[in-house]
Trainee: 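Please find one structure pasted underneath; my questions will follow.
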Amino acid sequence: MRPCPDRIERLPEQYFTTLLARVTAAGPDVIDVGRGNPDVPPPPHVVEALVESAREPTAAVHGYPPFAGLGAAKRAIAHRYATVYGVELDPEREVAFLPGTTTALVELALVLAQRGDRILLPDPGYPDYNSAVALAGAERVALPLGDDGRPDWVGAPRERVAAVYLNYPANPAAVAAPPGVFAEAIEFARETGAAVVHDFAYGDLVFDGRRPESFLAEEGAREVGVEMFSLSKSYGMAGWRLGFVVGNAEIVARLTLVSEHARSGIFVPLQRAAIAALTGPQETVEERRALYERRRDRALAAIPGARCEGTFFVWFPLPDGLTFERLVAEHSVAVAPGEGFGAQGRGFARLSLATQDDALDEGIARLRRAIAAE
Ligand SMILES: Cc1ncc(COP(=O)(O)O)c(C=O)c1O
């Protein structure tokens, strides 16, 4: 075999795979409140739509699906964007249907960056963006976020920037979009020629009466960028691998081309289930949001300096010297250590509210004791 290609050699450690291995090695008595895996199942009518469709013994269901996705699925996401976020989309030109936004965020780097181009990533930010940059052969540049989650645009490079990834509500910093941030991103994109990629994976999970804010609702957004929407968090469907990229028609066309060449589409019953989720009763979206908000309130009351305006994560400072290893060994509780999310994450940790109530409450109690003992 020839040597491993450098695009594979460049891949960073997969943060969550490594973290899970560390938590598993710590043994069964450790409560893991670090992992963001939705614990509430999808609505029953969505499961029903999958099963019903899978029962049809036809080639239209079990044969190759249309490579670029069912028109009805694209119309379904356009319907949701119009009704929930007040954004009109052209389902044929402005919607790409992908197997989850993890796939989307990797393929977006591939269709936007030439080898050696820069991609700006929020710091702290979601670690999988680093993988996308590595696979695209691009250069990762940290875009530090201030306390309110606003990027440091002034310190950002302006040459050779292919894309800027943003994520509000933000994982792990748990901030909602600060006022004006999308307009600032559009201005930066116009000035530099960069594309904006807004990760809206937690779009519906905002608290304290905030309304979900889509990047595409901002004037001029679709001229410079796209937004990723995931069914994982809003509908508890992380294992189903369903997501969309919406917005700029040229970027959508490039992604669709890659889909046709590299993936051959998504299993039709999954697409039917996505349509059921997006167009059926939406009460569970609010129930899920309210459940996470109640859990969030318990975490904020117990952990000093903790913050959460949205997502299902709480971001909090750790006392000096209270490391992941010590939390696990001395207090039997595991969190996601902040340094894995970028240099700015050092000294912080992420707690996941996607944890069953009993385990969450016990995990919070152990954390509170650990912090109080320092
Ligand atoms: C910020 C962020 N973006 C994207 C994803 C990926 O979501 P999906 O399940 O759609 O691949 C996650 C998953 O945890 C996430 O936290």
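Just follow the structure's listing: the first ligand is 1, and inside any ligand the first atom is 1. Worth saying up front: this structure is predicted, and the values here are computed from it rather than measured.
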Trainee: Should we count CZ of R158 as having more than 12 external heavy atoms under 6.0 Å?
Mentor: yes
Trainee: Give me the residue, atom name and distance of the protein heavy atom closest to atom 1 (C) of ligand 1.
Mentor: D199 OD2, 3.3 Å
Trainee: May I ask you to identify the nearest protein heavy atom to atom 7 (O) of ligand 1, giving residue, atom name and distance to one decimal place in Å?
Mentor: T101 OG1, 3.0 Å
Trainee: Identify, by atom number and element, the atoms of ligand 1 in contact range of R241, meaning under 4.0 Å from any of its heavy atoms.
Mentor: 8 (P), 9 (O), 11 (O)
Trainee: Is the closest side-chain donor-acceptor distance between D204 and Y85 under 3.5 Å?
Mentor: yes
Trainee: May I ask whether K233 places a heavy atom under 4.0 Å from ligand 1?
Mentor: yes
Trainee: Taking R222 first and then E227, would you say they form a salt bridge - that is, a charged N and a carboxylate O separated by under 4.0 Å?
Mentor: no
Trainee: Of all the atoms in ligand 1, which lie at a distance below 4.0 Å from a heavy atom belonging to S232?
Mentor: 8 (P), 9 (O), 10 (O)
Trainee: Any donor-acceptor pair under 3.5 Å linking the side chain of D117 with the backbone of A138?
Mentor: no
Trainee: N167 heavy atoms, cut-off 4.0 Å: which ligand 1 atoms fall inside?
Mentor: 1 (C)
Trainee: Using distance alone, with no hydrogens and no angle criterion, decide if Q14 and S131 have a side-chain donor and acceptor under 3.5 Å apart.
Mentor: no
